[in-house]
Amino acid sequence: MQADIALIGLAVMGQNLVLNMNDHGFTVAVFNRTVSKVDDFLNNEAKGTKVLGAHSIPELVSLLKRPRRVMMLVKAGAAVDEFIELLLPHLEAGDIIIDGGNSLFEDTIRRTKYVESKGLLYVGTGVSGGEEGARRGPSIMPGGSPAAWPHVKEIFQAVSAKVEDGTPCCDWVGENGAGHYVKMVHNAIEYGDMQLICEAYQLMRDGLGMTPDEMHETFAAWNKTELDSYLIEITRDILAYKDTDNLPLIDKILDTAGQKGTGKWTVISSQELGIPITLIGEAVYARCVSAMKEERVAAAKKLKGPSKKISADRVKFLEDIRQALYASKIVSYAQGYMLMRAAAQHYVWNLNYGGIALMWRGGCIIRSVFLGKIKEAFEKNPALANLLLDPFFKQAIKEGQRSWRNVVATAAKKGLPVPAFAAALSFYDSFRNDRLPANLLQAQRDYFGAHTYERIDQPRGQFFHTNWTGRGGKTVSGTYLA
Ligand code: 2AM
């Protein structure tokens, strides 16, 4: 009984996390479905470390200190349920099962309940930062049984990424599926950030006629501003990368995007909770449109639009694009936080919003200086209802607004698609609009379906129906407020 923690699942992520834990002085016992990988690992990557190999689940469990901590990093889905079933007979009350994979939060809610019903504790944790992050310090977002946190805190915080002052990018997120939910929203925000950068790139490439080297310079400069982030940094480097023939590799990559589903899950959740994460929605759909390559190539020959060339002063317009990107990004994070707030209410989670920004501040794909500002906003006002109302972000949008509008308008005139920039701007204008046209919408619904409406001259909650044509009946149908 000497190992601090067990890890099941020796794919690259799992191996790297084990080595990271070992570096921090923890003794890790490992197991894998394909058992030969255990010895492969011990004889290669883990040679010379304190890592202990196990060739069966009982052997793995027998190596652990109490309370036993068993972490799985296996394929999301059935594999997690199968390992829980295999582990349960060998564990006892107070032991902790941890899922560090990319599980759907609803599965984690179900598994937490199930494992707790057996007297054990469960942790479902998001781990972000890819293989490199797992090795050098990922962002770790744990949720599950609150009683498990004191038992995993030391290991998780030791191996996680750290911000400049040494604060770990890992804190308790909340009950049952909260950790995996927050990880899912992280990935969706990542979709949004990437789409915004891609729209800026298309405006530069097709509108301003810039070369990859020129765009490389622009992103290098942007990375020294408020936009300083991992995704801007890799974009800078990608644009400078040359293929074997010394031409930019970026120009040879097919423009069809793939996706693994976390963006889609987030949009589904937003629809269920009635929260407009419009920018992320557009980012997911932009990938879908990109995937329709053959149809787009055929349509490009038939459907005409204006010349894409933007004749504005390049330096000035580039600054406009930068401002548009920044303002849109603020809206995207505001929307992401709106979603987490609604989810917290619906699933009864005590989410720590500033802590979430801190966890995303380092280690993960969306890490940025910007997240430090979000952390500050929630520190100053933990009850902040909407990020757009924070004085810092309010001012930032105020300053960038002219540029943002100019970019969206110019793109529309030039036939250049900017779905995320435009969605963000439309949301901003809707959100700050105290009189939307939904009065007409309610009238239409009442006209054709007797769905009723509320009146501005009557208290909220009273519903009225008008017999618009003189032919409708008096019955009304039910309604709900989205
Ligand atoms: P393997 O090496 O035996 O394939 C990432 O794929 C990790 O998840 C690997 O450790 C892999 O084990 C494990 N894995 C994938 N599907 C699994 C399943 N159905 N049952 C158990 N482990 C699985």
Side-chain angles (χ1 to χ4, degrees), residues 3-22 26-47 49 51-64 68-91 95-108 110-112 114-115 118 120 122-136 138-142 144 155-156 159 177 179-180 183-184 187 258-262 265 364-365:
D4 296 297
I5 188 166
L7 194 132
I8 299 174
L10 290 175
V12 184
M13 280 290 284
Q15 291 190 11
N16 283 357
L17 200 64
V18 170
L19 296 174
N20 182 352
M21 287 173 174
N22 180 78
F26 299 104
T27 304
V28 191
V30 299
F31 179 72
N32 192 69
R33 173 182 64 172
T34 308
V35 180
S36 60
K37 287 192 189 167
V38 173
D39 293 317
D40 286 348
F41 180 54
L42 291 179
N43 294 329
N44 294 286
E45 294 85 353
K47 210 180 173 80
T49 67
V51 176
L52 304 170
H55 301 86
S56 69
I57 295 275
E59 188 192 353
L60 182 78
V61 171
S62 75
L63 293 169
L64 290 170
R68 301 183 184 95
R69 293 169 281 213
V70 184
M71 180 162 185
M72 301 173 285
L73 261 176
V74 297
K75 195 163 176 261
V80 176
D81 290 308
E82 284 163 23
F83 271 118
I84 290 174
E85 288 309 324
L86 289 171
L87 284 163
L88 281 175
H90 304 284
L91 297 175
D95 288 347
I96 303 153
I97 299 178
I98 305 156
D99 170 21
N102 258 329
S103 295
L104 183 58
F105 73 97
E106 281 151 330
D107 286 337
T108 306
R110 169 178 59 77
R111 289 169 186 147
T112 304
Y114 176 66
V115 171
K118 304 279 177 189
L120 281 73
Y122 194 75
V123 174
T125 183
V127 179
S128 175
E131 294 169 0
E132 180 73 12
R135 184 68 188 87
R136 313 244 162 257
S139 163
I140 306 180
M141 299 156 245
I155 300 181
F156 280 12
V159 303
H180 275 132
K183 169 67 187 345
M184 177 187 80
N187 284 23
Q259 46 186 315
K260 276 170 58 182
T262 34
W265 292 349
C364 62
I365 305 296

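Read the numbers this way: they start at 1 and go in the same order the structure lists the ligands and their atoms.
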Counting from 1, what ligand 1 atoms have a heavy atom of Ala11 closer than 4.0 Å?
5 (C), 10 (O)
Below 4.5 Å, heavy atoms only, C-beta onward: do Leu17 and Leu73 meet side chain to side chain?
yes
To which protein heavy atom is atom 15 (C) of ligand 1 closest, and what is the distance rounded to 0.1 Å?
Lys75 CB, 3.5 Å
Could you identify the single nearest non-hydrogen protein atom to atom 3 (O) of ligand 1 and state the distance to 0.1 Å?
Thr34 OG1, 2.4 Å
Using a strict cut-off of 4.0 Å, indicate which atoms of ligand 1 neighbour a heavy atom of Glu82.
19 (N), 20 (N)
Expected output: side-chain Thr49 to main-chain Val51 donor-acceptor under 3.5 Å:
yes
Only one of Leu88, Thr112, Val123 clears side chain to side chain contact (heavy atoms under 4.5 Å, CB included) with Ile97; which?
Leu88
For Gly9, counting its heavy atoms only, list the atoms of ligand 1 lying under 4.0 Å from any of them.
10 (O)
Distance filter under 4.0 Å to Lys37 heavy atoms, resulting ligand 1 atoms:
1 (P), 2 (O), 4 (O)
Got the closest protein heavy atom to atom 4 (O) of ligand 1, with its distance?
Arg33 NH2, 3.0 Å
Would you mind listing which atoms of ligand 1 come within a distance below 4.0 Å of any non-hydrogen atom of Asn32?
1 (P), 2 (O), 3 (O), 9 (C), 10 (O), 12 (O)
Backbone of Leu10 reached by a side-chain donor or acceptor of Asn32 within 3.5 Å
yes
May I ask you to decide if Thr125's main-chain N or O and His180's side chain share a donor-acceptor pair within less than 3.5 Å?
yes
Would you indicate whether the side-chain heavy atoms of Asp81 and Arg111 approach each other to under 4.5 Å?
yes
Side chain to side chain contact (heavy atoms under 4.5 Å, CB included) test vs Val70 passes for just one of Asp99, Ile57, Leu91, namely Leu91
Interfacing atoms of ligand 1 (cut-off 4.0 Å, heavy-atom, Leu10):
10 (O)
